[in-house]
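One structure is given here, and the rest of the page talks about it.
As the structure lists them, so they are numbered: ligands from 1, and atoms in each ligand from 1.
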Amino acid sequence: MTPELSSLNENQQMAVQWQEGPLLVLAGPGSGKTRVLTYRIARIISKTPDKYFRILGLTFTNKAAAEMRERIETLVPKANERTHLTTFHSFAADLLRQHGHHINLRPDFTILSQDTDRQTLLDEAIDEVNKFETEAKIKYSGEKLLPLITRLLDRSVTSDDITNVLSSNDISEPEVIGAIYTAYRGRMIKENKLDFGGLMAEAYSLLEQKPAVRKQIHRIYPYVCVDEFQDTNLSQYRILRHLVNPSTGNLFVVADDDQIIYQWTGASPKRLHALRDDFKMTVLQLPENYRCPPQVIDIANELIVHNIGRSEDRERLRAHKVGGEQSPIRIMDFDTFEQEAKWVAKDIAERSIDERGKCVVLARTRRLLEHIIRVLVDEEQVPAYLAMRKNEFIGAPMRWLHAVLRLANARQNREQLRRVCKAFFTLEGIDLNVKDIMSFASTEDGDYLRAWHKEILLQDGLEQHSRDFLVKSIPVLSDRLDFERFIRDAFEWFERLPENSPETWEHYTEFTEEKEAWEGLVNEIMCQYGREQVTLHLLLQELDLRSKAPKPPNNAVPCFTIHASKGMEFNHVYLIGMVEDQLPSWNAVKKGDSSREMQEERRNCFVAITRVQESLTMSYSREVFGWPKTPSRFLKEMGCLVLQE
Ligand code: ATP
Ligand code: MG
């Protein structure tokens, strides 16, 4: 069954039917880039029913990857057997799990998602360098150096290049910092832990060193597709170059250079130039916007022409939708941000319950959103949520479960043993000493999980049903590695915990929410990979890469930072805090109108307003949290406000 192409315009059809070789679809927001990408994947699969190859589709967030999977599945049933639609990070983790032994990484590596853990590792790297550069420790600390190390990893700088890269960026003491960077990467490998940047840098290093691995990838994935390419950093781009078979060049990329909003994590307009040069891309534009009302398209065009250095061949956006008589745009001004928040909350509350869920509140920063959520929830009794990443579970039951599984996966991981002990103390009030368990383990088989198990069963204070659970279920995990059964048993045990200490349990208000998030994530991972394929390593690595945020309540109003809203669309957009120092940010205002920071802020505003399907409300206040403010220059550029000079 071939997906029906008649619902696509001529250029979209051309993109979907593009045969072989590289193609760049460079087009504005709402022009159907993601739609074209999904149709193209669906078309290739349905045209090759007797083939076994898979199509690799890369994007940035798990949410976007899941959405792509869903859309393709509706076009071609069982498409997931022929596709691998995932994030760059998850792809890199898979690659390293399978082939990381070439660079001395074991498949059970863990992911360092917390900055505090990364700082500790970096401090250890500084100690190492301090042995021959005796002032390193006095001058540098993990906390201070981490942002620089992150930037270097985002570019996959190699040990050979590091000194040059640092010198050409005017970083003082390039040799010492270079040695620290190399020591940090060495430690990640030695301790079998990778941070997000390290994941990408090591995946690149592996692909660079091993042509045979590249060849295997080319065989499995003869077609590679990327959504939102404009936000790739250098590491991701370098990986991508190795993923595409050079003899066919089957790379299909959709992008919009007016929507680059991740410059701070290494995205750059330069990358699109490099892509066009390196792959000799044919460029196709999609002229029409299907998402927004024409009045919104007009102001978006007015705004973005103020950015300097845009691609010369960019056309103005054209609206496919026809405008109604009433303008879909409202501009609201207030004396204080408190009044602004109250008005926005009330305006949303006056809509029907169904409509509320189709609204979004967007702001440049989280602080404004947190305030508006309080007003929506407390004063208007309208459920609302902040869409943000949650790195770790916070309640003791889920922390314990997660740490035990991680310890089962890496039996000598001191950090996970510490977490197991800490969470168990919170749950049962039994305090085991980490060092004692480690030294006990060293007299036996060195296995911290088994040692913890033996120690805990020696404790008199253990409740009977907790003892029964531990006696029966820890061996299920430690000896048989049946983690699914262990997780089921653990949940049953958690359900009985309130029997011993109902007062303590009341503190775990987030348990139900976290349990739901856990089950949702595990289910998602099992569906994506297929139950049989999911090992404990894979489960834990995928959990590390995903947000643990709970599923939002039905019809709750989403409140997103602009960054989190990319690629999405909503009926009614409320863009709040349209003042100088917010949008554009304080930093961009300080750097000046022609700075790259200001160009990026303008693109942020462009992304925000082009999420609209029906109506756009922009608001600003003369005072925000006690500080006097002036309306955003972008309002003037869009022709929405005549500002006095
Ligand atoms: P962004 O840059 O914001 O990610 P995009 O270019 O990826 O936007 P899509 O999300 O693919 O745009 O499409 C925007 C909306 O327009 C979607 O609701 C999509 O279904 C719709 N759309 C795209 N093309 C057509 C078409 N030919 N006919 C009808 N609707 C379309
Ligand atoms: Mg898109």
Side-chain angles (χ1 to χ4, degrees), residues 3-17 23-43 57-75 85 87 225-232 252-262 267 272 283-294 296-297 300-301 303-304 310-311 314-322 358 360 362 558 560-573 575 603-616:
E4 186 51 61
L5 300 188
S6 58
S7 65
L8 303 174
N9 69 35
E10 208 177 305
N11 282 24
Q12 290 177 330
Q13 289 190 19
M14 208 189 292
V16 172
Q17 289 174 311
L23 182 72
L24 166 63
V25 177
L26 187 63
S31 57
K33 295 185 298 299
T34 305
R35 186 169 163 130
V36 157
L37 189 105
T38 47
Y39 269 73
R40 178 168 165 75
I41 295 176
R43 182 174 175 277
L58 293 169
T59 181
F60 290 86
T61 62
N62 286 298
K63 191 166 187 309
E67 235 172 74
M68 233 201 279
R69 276 196 294 276
E70 255 170 53
R71 287 209 211 176
I72 294 174
E73 193 79 17
T74 56
L75 295 171
L85 306 170
T87 61
C225 306
V226 186
D227 196 5
E228 309 264 4
F229 173 86
Q230 70 275 1
D231 282 324
T232 37
F252 184 88
V253 166
V254 305
D256 180 5
D257 48 357
D258 286 333
Q259 292 189 66
I260 300 172
I261 55 172
Y262 278 88
L272 265 162
V283 181
L284 189 75
Q285 302 214 12
L286 303 179
E288 274 181 315
N289 173 297
Y290 285 85
R291 181 182 293 147
C292 317
V296 173
I297 292 300
N301 278 324
L303 175 73
I304 204 66
R310 295 172 69 217
S311 303
R314 288 309 302 268
E315 292 172 6
R316 281 171 76 83
L317 305 177
R318 281 206 321 259
H320 178 85
K321 283 188 178 168
V322 182
K358 295 176 186 159
V360 69
L362 297 181
F560 282 35
T561 60
I562 296 171
H563 284 97
S565 75
K566 84 180 211 179
M568 303 174 93
E569 52 192 18
F570 304 89
N571 287 25
H572 308 288
V573 172
L575 177 57
R603 290 192 295 264
N604 264 296
C605 185
F606 181 77
V607 168
I609 63 175
T610 54
R611 302 305 96 203
V612 170
Q613 288 175 300
E614 281 182 34
S615 81
L616 169 65

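Proximity of Ala27 to ligand 1, defined as any heavy-atom pair under 4.0 Å, is not found for any part of the residue. Counting heavy atoms under 4.0 Å from ligand 1, residue Gln613 does not touch it at all. Under 4.0 Å from ligand 1, not a single heavy atom of Met568 appears.
To the nearest 0.5 Å, atom CG of residue Asp258 and atom CZ of residue Arg310 are 4.0 Å apart. Taken to the nearest 0.5 Å, the CG atom of Leu575 stands 5.5 Å off from the CD1 atom of Ile562. The distance from the CD atom of Gln12 to the CD atom of Glu10 is 11.0 Å, given to the nearest 0.5 Å. The CG atom of Asp227 lies 3.5 Å from the OG1 atom of Thr34; values are rounded to the nearest 0.5 Å.
Proximity to Gly567 (heavy-atom distance under 4.0 Å) selects the following atoms of ligand 1: 4 (O). Each of the following atoms of ligand 1 lies closer than 4.0 Å to a heavy atom of Gln259: 2 (O). Annotation for ligand 1: atoms under 4.0 Å from non-hydrogen atoms of Arg611 are 3 (O). Within the listing of ligand 1, atoms 27 (N) sit less than 4.0 angstrom from a heavy atom of Leu8. Near Glu228, the atoms of ligand 1 lying under 4.0 angstrom from a non-hydrogen atom of the residue are 4 (O). If you number the atoms of ligand 1 from 1 as listed, the ones under 4.0 Å from a heavy atom of Gly28 come out as 6 (O).
In this structure, atom 29 (C) of ligand 1 lies nearest to the protein heavy atom Tyr290 CD2, 3.6 Å. Regarding atom 18 (O) of ligand 1, its nearest protein heavy-atom neighbour is Glu569 OE2, 2.6 Å. If you check which protein heavy atom lies closest to atom 20 (O) of ligand 1, you get Arg35 NH1, 3.0 Å. With hydrogens left out, the protein atom closest to atom 24 (N) of ligand 1 is Gln12 NE2, 3.0 Å, a heavy atom. In terms of protein heavy-atom proximity, atom 2 (O) of ligand 1 is closest to Lys33 NZ, 2.6 Å. Protein heavy atom in closest approach to atom 8 (O) of ligand 1: Gly30 N, 2.9 Å.
Within the 4.5 Å cutoff, no side-chain heavy atoms of Glu228 are placed close to those of Lys33. No side-chain heavy atom of Ser565 sits less than 4.5 Å from a side-chain heavy atom of Val360. In this structure the side chain of Arg611 never reaches within 4.5 angstrom of the side chain of Phe560, judged on heavy atoms. In this structure the side chain of Arg603 reaches within 4.5 angstrom of the side chain of Ile304, judged on heavy atoms.
Taking only non-hydrogen atoms, the option from Ala64, Gly32, Pro29 nearest to atom 13 (O) of ligand 1 is Gly32. Of the listed options Glu288, Arg291, Gln230, Lys566, Arg291 places a heavy atom closest to atom 10 (O) of ligand 1.
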Discussion item. Ring pair (Phe, Tyr, Trp, His ring centres under 6.0 Å) for Tyr262 and Phe60? Distances and angles first, verdict last.
Written reply: CA-CA 11 Å; Tyr262 278 88; Phe60 290 86; 7.5 Å; no

Discussion item. Could you walk me through whether Cys225 and Ile41 satisfy the side-chain contact (heavy atoms from CB on, under 4.5 Å) test, starting with their C-alpha distance in whole Å, then the side-chain angles of each, then the deciding distance to 0.1 Å, before giving a yes or no?
Written reply: CA-CA 8 Å; Cys225 306; Ile41 295 176; 3.9 Å; yes

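In the model, Asn571 has a side-chain atom that pairs as donor or acceptor with a side-chain atom of Glu614 under 3.5 Å.
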